[in-house]
Amino acid sequence: MISRASLAVRVPGDKSISHRALICAALASGRSRIRNILRSADVRSTGGVLSALGANVPQLGDDVRVDGRGLGGLAAPDEPLDCGNSGTTARLMSGVLSGCSFPSRLIGDASLSRRPMGRVARPLTTMGAHFAFDSGEHLPMVVTGGRLREIEFDSPTASAQVKSAILLAGLVGCVRVTVREPVRSRDHTERMLAALGIDVRSLGLEASLEPASELAPFQLDVPADPSSAAFFAALAAAGGVRGGGPLELTDVALNPTRLGFFRVLRDMGADVTWEVHREECGEPVGTITVAPRGLQGVEIGGDQVPAMIDELPMLACLGALGDGVIEIRGASELRVKESDRIAAVVQNLRDVGADADELPDGLRVRGGTRSLGGAVQTHGDHRLAMAFGVLGALSGNAITVDDPDCVSVSYPGFWSDLERVTS
Ligand code: S3P
């Protein structure tokens, strides 16, 4: 057991839950109140898109109140819907818009405009929506919704965005849907909709939703994001917190589908515990405590990947420390994230002096390099900036990140929180 940590961090609200909270609030019948929503660029993209559809989402503050339009209440937008850098906005809203009988044009930044949208367009087209792409299966695209049909969909990818798009299409289009995945992905949509009175069943690899006439308004205090907490867990595990001691990460969403990184950190030898203190809209919430110990290597395979998909850049960076080898396989999804995270992480690790190899579906990093130094290119990817920021904060390392401001996508205060726990 770890002695009580003297340093604590409450990272900002969970990004996945924040997106879903705004969408559900806009679709609810009545006024919802969301506290501690993540105030980041990605969540603002969802708020902006919903406002353009008539939902009038206010500026994101500590206490956001949204007057829902009801399941059939969104209106045709006058302008293209700008999803910014946010894949979650584009894909979840594709589902919502599939149940709306008007055309909407979705656009995004350069990174989002390279990311695959066919994965949502295919099942939603089967349900009866229409998708038109300017080129390939990328944004910009026009989604035209309408009368939808039921679907039983076997998803080739373990993707919560695809699963959620179909569940939301079923909700707005009032039809029964079933989605089966190869590996279970995060289940925030299922938990939130069930907490709001919708008949959503989630059993093993299958999630299904029964049609409903309305969605109840709600109050939600968004728990902290385990993907943001993971950066500080890695720092603490590597002995990088001030005084080299333990760190407490408070009020974190402890949904088991998001805890893969913390389980692996424990397998690598770090002292990691968590305890649930409350439940929020079907989500367990509590404290994670991490204390350093020598980190060993680890092998990660396909089944473990979805529960730690966003944490893999950080895990790869930890591979450069210690003496073991970290090998990640079955993670080709990393190539279609905000950047090609396999190529970018390996190139950056090499550029700072680490021993790393790219694999078609993952990467391999060997430890043993005593000090790491050099310049890192983020390609505008927030998680690369933060992973290498943690590596650079460890004593003996000197790493500069080309675009530190890109953390605003998910964690605007990251650099000051890092400074606070390290100096
Ligand atoms: C998310 C699902 C994951 C994750 C992303 C957020 C969500 O994406 O990487 O950051 O909120 O549903 P995929 O569904 O593409 O795996």
Side-chain angles (χ1 to χ4, degrees), residues 12-24 37-38 40-43 45-46 83-96 108 111-112 114-123 137-139 153 155-169 179 181-193 202 205 207 222-223 225-231 253 255 257-261 283 302-315 330-342 361 381-384 386-387 406-407 409-411:
D14 186 76
K15 185 154 78 67
S16 293
I17 296 176
S18 296
H19 283 294
R20 288 157 174 80
L22 285 184
I23 293 171
C24 288
I37 196 164
L38 172 62
S40 81
D42 262 19
V43 182
S45 294
T46 291
C83 304
N85 188 248
S86 175
T88 310
T89 308
R91 298 201 179 107
L92 269 57
M93 288 309 300
S94 295
V96 170
S111 151
L112 184 58
R114 283 191 293 269
R115 298 181 63 189
M117 293 297 147
R119 55 180 58 193
V120 284
R122 275 185 289 277
E137 287 187 329
H138 306 113
L139 299 188
F153 183 63
S155 178
T157 323
S159 163
Q161 294 178 356
V162 172
K163 176 175 61 177
S164 302
I166 296 169
L167 292 171
L168 290 168
V179 187
E181 319 184 79
V183 180
R184 193 176 167 84
S185 65
R186 65 190 67 189
D187 61 359
H188 302 297
T189 306
E190 296 92 303
R191 285 174 188 254
M192 190 174 291
L193 291 178
S202 184
L205 301 177
V222 180
D225 194 323
S227 297
S228 298
F231 296 108
N255 180 321
T257 62
R258 297 287 300 282
L259 295 182
F261 177 78
E283 299 278 353
D303 279 12
Q304 292 162 287
V305 165
M308 54 186 303
I309 185 72
D310 293 334
E311 291 69 75
L312 291 174
M314 185 68 258
L315 181 68
S332 39
E333 272 296 296
L334 288 180
R335 294 206 183 271
V336 291
K337 291 293 178 189
E338 287 84 329
S339 66
D340 175 344
R341 287 184 174 161
I342 295 178
D361 62 342
D381 186 332
H382 55 134
R383 301 216 193 268
L384 294 196
M386 292 187 274
C406 69
V407 300
V409 158
S410 65
Y411 193 165

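Note that ligands are numbered from 1 as they come in the structure, with each ligand's atoms numbered from 1 the same way. All values derive from a computational prediction rather than experimental measurement.
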Give me the pairs of N or O atoms, one from ligand 1 and one from the protein, that sit under 3.5 Å apart.
residue  : atom   : partner : partner atom : Å
ligand 1 : 8 (O)  : Q161    : NE2          : 3.4
ligand 1 : 8 (O)  : K337    : NZ           : 3.1
ligand 1 : 9 (O)  : D310    : OD1          : 2.7
ligand 1 : 9 (O)  : D310    : OD2          : 3.4
ligand 1 : 9 (O)  : K337    : NZ           : 2.7
ligand 1 : 10 (O) : D310    : OD1          : 3.4
ligand 1 : 10 (O) : D310    : OD2          : 2.8
ligand 1 : 11 (O) : S16     : OG           : 2.7
ligand 1 : 11 (O) : R20     : NH1          : 2.9
ligand 1 : 12 (O) : R20     : NH2          : 2.6
ligand 1 : 14 (O) : S159    : OG           : 2.7
ligand 1 : 14 (O) : A160    : N            : 3.0
ligand 1 : 14 (O) : Q161    : N            : 2.9
ligand 1 : 15 (O) : K337    : NZ           : 3.3
ligand 1 : 16 (O) : K337    : NZ           : 3.3

[X] bridged to [Y] by N-O distance under 4.0 Å:
X	Y	value
E333	R119	yes
K163	D187	no
K15	D310	no

Item to check | Interatomic spacing from OG in S86 to NE2 in H19 - rounded to 0.5 Å | outcome: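 NE2 of H19 is found 3.5 Å from OG of S86.
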Item to check | V409 backbone acceptor or donor facing S40 side chain under 3.5 Å | outcome: yes
Next on the checklist: Could you work out, with side chain to side chain contact (heavy atoms under 4.5 Å, CB included) as the rule, every residue matching A165, not counting sequence neighbours?
Outcome noted: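 Expected list: V120, L124.
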